[in-house]
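What follows is a short report on a single structure.
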Amino acid sequence: MSRADELVAWYRAHRRDLPWRRDPRPWPVWVSEIMLQQTRVESVLPYFARFLERFPTPAALAAAPIDDVLAAWAGLGYYRRARHLHQAAQQVVERHGGEVPDDPAAFAALAGVGRYTCGAVQSIAFGHRLPVLDGNVERVLCRLHRVEEDPRAPAPRRRLWDAASALADHAHPGEVNQALMELGATVCTPRSPRCLLCPLQAGCAARAAGVAEALPRKAKRKARPTITVVAGLARDADDAIWVARRPDDGLLAGLWELPGVEAPDAGVRHLAAVGLVGGGDATLVEHGFTHRIWAVHVYRARGTPTTAHHTAVRAVPEHALPTLALTGPALKALRACGVALPHRRGAGRKPLS
DNA sequence: AAAACGGGGAT
DNA sequence: ATCCCAGTTTT
């Protein structure tokens with residue numbers, strides 16, 4: 001048996017029962033692959049079925065307002081993925097009559113589809129012999145071939161794609177690819193790999209050299225700066241809470257939050273930038289992103305916020321807050337100020353009508 | 001080549 | 001605290 005055969009045999013015996021594997025049609029596979037970018041399986045599970053129920057076809061997604069799409073994505077992160085998928089669905093309607101193209105070049109031309117996603121969807125849904133290289137596969141192959149350089153550098157990168165290509169050149173490329181990812185997720189883990197359970201242990205160069213745990217060697221990330229943000233918790237005459245929609249570009253694009261601004265320091269005076277007047281002590285909420293940390297100082301405030309730093313503002317009754325695509329920091333701020341909300345990622349969140 | 005882009009779980 | 005994850009796009 002070839003290595004790829006061994007992988008497929010292992011995969012068929014040990015694969016997890018995941019929703020997108022029960023329904024390997026192109027659209028669900030595509031949605032799952034986008035959601036799974038930089039995102040763990042456990043985080044995707046609550047979103048996947050709900051998203052497909054609401055947007056069962058590319059045409060259904062293409063016809064939806066972007067705010068509905070963002071509301072369905074709220075809490076998953078990397079919101080540009082949702083915008084690209086929305087745009088790609090419209091491209092599929094325009095260019096391919098609403099059918100996901102069974103054609104790697106046509107598929108790769110769609111918004112948000114890079115080499116990984118193209119290989120994954122086209123191999124799993126259509127059987128094209130294309131490789132995938134994600135964080136899991138990268139780790140498996142770095143160990144299998146004992147790649148000691150930083151795998152993100154160009155030369156090792158090419159070699160890893162070539163190694164993945166050789167494996168995917170198989171009668172069942174979709175299963176080979178999923179086997180590599182499954183192996184990385186469940187056996188060839190970053191720390192404490194379970195080599196005794198691995199179908200590739202006999203041919204693994206890193207294991208032979210005793211360095212499996214040390215690979216891959218990646219450069220450290222830079223420290224994140226902390227940014228001060230000042231926000232106001234204000235209510236209108238009906239006790240509804242004022243929220244503001246972020247710009248359509250950049251961080252948390254198009255999501256709703258408490259009206260506020262980035263400021264050089266904490267201070268109620270900064271609320272004037274969004275048309276509010278505040279008082280009292282601030283409630284401090286911290287939120288870490290990949291590349292920065294927000295220290296949000298939330299003040300009780302009065303007035304009607306302006307749109308100087310936002311695309312829209314509206315006052316929303318507390319019970320209706322979960323229908324909006326709220327930012328993580330906004331959810332934390334509201335809870336810290338005593339506003340009752342569903343706890344993490346709103347599992348009964350209803351669509352915005 | 002580097003930076004931007006979320007959030008959560010594991011260690 | 002740090003690392004990492006079924007990555008892609010923009011600068």
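Residue numbers begin at 1 in each chain, while the letters A, B, ... track the order of the sequences.
Map Thr327(A) and Arg191(A) each onto its nearest nucleotide of DNA chain B; the residue landing nearer the 5' end is Thr327(A). In this structure, Arg81(A) and Ala153(A) both approach DNA chain B, and ranking their closest nucleotides by distance from the 5' end singles out Ala153(A). Between His84(A) and Arg40(A), the one whose closest nucleotide on DNA chain C sits nearer the 5' end is Arg40(A).
First and last contacting nucleotides of DNA chain C toward chain A (any atom under 4.0 angstrom from a heavy atom, 5' to 3' order): dC3(C) to dT9(C).
Separating the CG atom in Leu183(A) from the CD atom in Glu6(A) is a distance of 12.0 Å, to the nearest 0.5 Å.
Atom-to-atom, CG of Asp249(A) to C1' of dC5(B) comes out at 12 Å; the value is rounded to the nearest Å. At whole-Å resolution of the value, CG in Leu70(A) and P in dC5(B) are 15 Å apart. In this structure, OH of Tyr78(A) is placed 13 Å from P of dG8(B), rounded to the nearest angstrom. Rounding to whole angstrom units, CZ of residue Phe289(A) and P of dA3(B) are separated by 19 Å. For Gln38(A) and dA3(B), the CD to C1' distance is 14 Å, given to the nearest whole Å. Whole-Å rounding puts the Trp294(A) CH2 to dG6(B) P distance at 10 Å. Rounded to whole Å, the distance from CZ on Arg157(A) to P on dA2(B) is 14 Å.
Residue Leu133(A) is classed as having no contact, given no heavy-atom separation below 4.0 Å to the nucleic acid. The residue Arg139(A) sits close only to the backbone: its heavy atoms come under 4.0 Å of sugar-phosphate atoms, none of a base. Arg83(A) comes within contact range of no nucleotide atom at all, as no heavy-atom separation falls under 4.0 Å. Among the heavy atoms of the strands lying under 4.0 Å from Val113(A) are primed sugar atoms or P, OP1, OP2 only; no base atom is included. At the heavy-atom level, Ser32(A) lies nowhere under 4.0 Å from the strands shown.
Remark: the Tyr116(A) side chain and the Glu33(A) side chain contain an N/O donor-acceptor pair separated by less than 3.5 Å. Judged by distance alone, the side chains of Arg81(A) and Thr39(A) do bring a donor and an acceptor atom under 3.5 Å apart.
Residues Pro173(A) and Gly127(A) share a closest heavy-atom pair of CG-O, 3.4 Å.
Not a single donor-acceptor pair, N or O on each side, falls under 3.5 Å between the base of dG7(B) and the side chain of Ser43(A).
Partners of Thr307(A) under the side chain to side chain contact (heavy atoms under 4.5 Å, CB included) rule, at least two apart in sequence or in another chain, are Val313(A). Judged as a side chain to side chain donor-acceptor pair (under 3.5 Å), and not counting sequence neighbours, the contacts of Arg25(A) are Asp23(A). Applying the side chain to side chain contact (heavy atoms under 4.5 Å, CB included) test to Tyr79(A) and every residue at least two apart in sequence or in another chain returns Leu70(A), Trp73(A), Leu252(A), Leu255(A).
A salt bridge links Glu318(A) to Arg235(A): at least one charged side-chain nitrogen sits closer than 4.0 Å to a carboxylate oxygen. The existence of a salt bridge linking Arg245(A) and Asp67(A) is confirmed by a sub-4.0 Å separation between a basic side-chain nitrogen and an acidic carboxylate oxygen.
For the pair His291(A) and dC5(B), the criterion of a side-chain N or O lying under 4.0 Å from OP1 or OP2 is met. Contact annotation: Lys222(A) does not reach the phosphate of dA2(B) (side-chain N/O to OP1 or OP2, under 4.0 Å).
Of the residues in residues 164-184 of chain A, those placing a heavy atom less than 4.0 Å from an atom of DNA chain C are Met181(A), in numerical order.
Residue Val268(A) is found in a hydrophobic cluster whose other members, listed by chain and number, are Val230(A), Val261(A), Leu271(A), Val274(A), Leu276(A), Tyr299(A); membership requires side-chain heavy atoms under 4.5 Å apart, directly or through intermediates.
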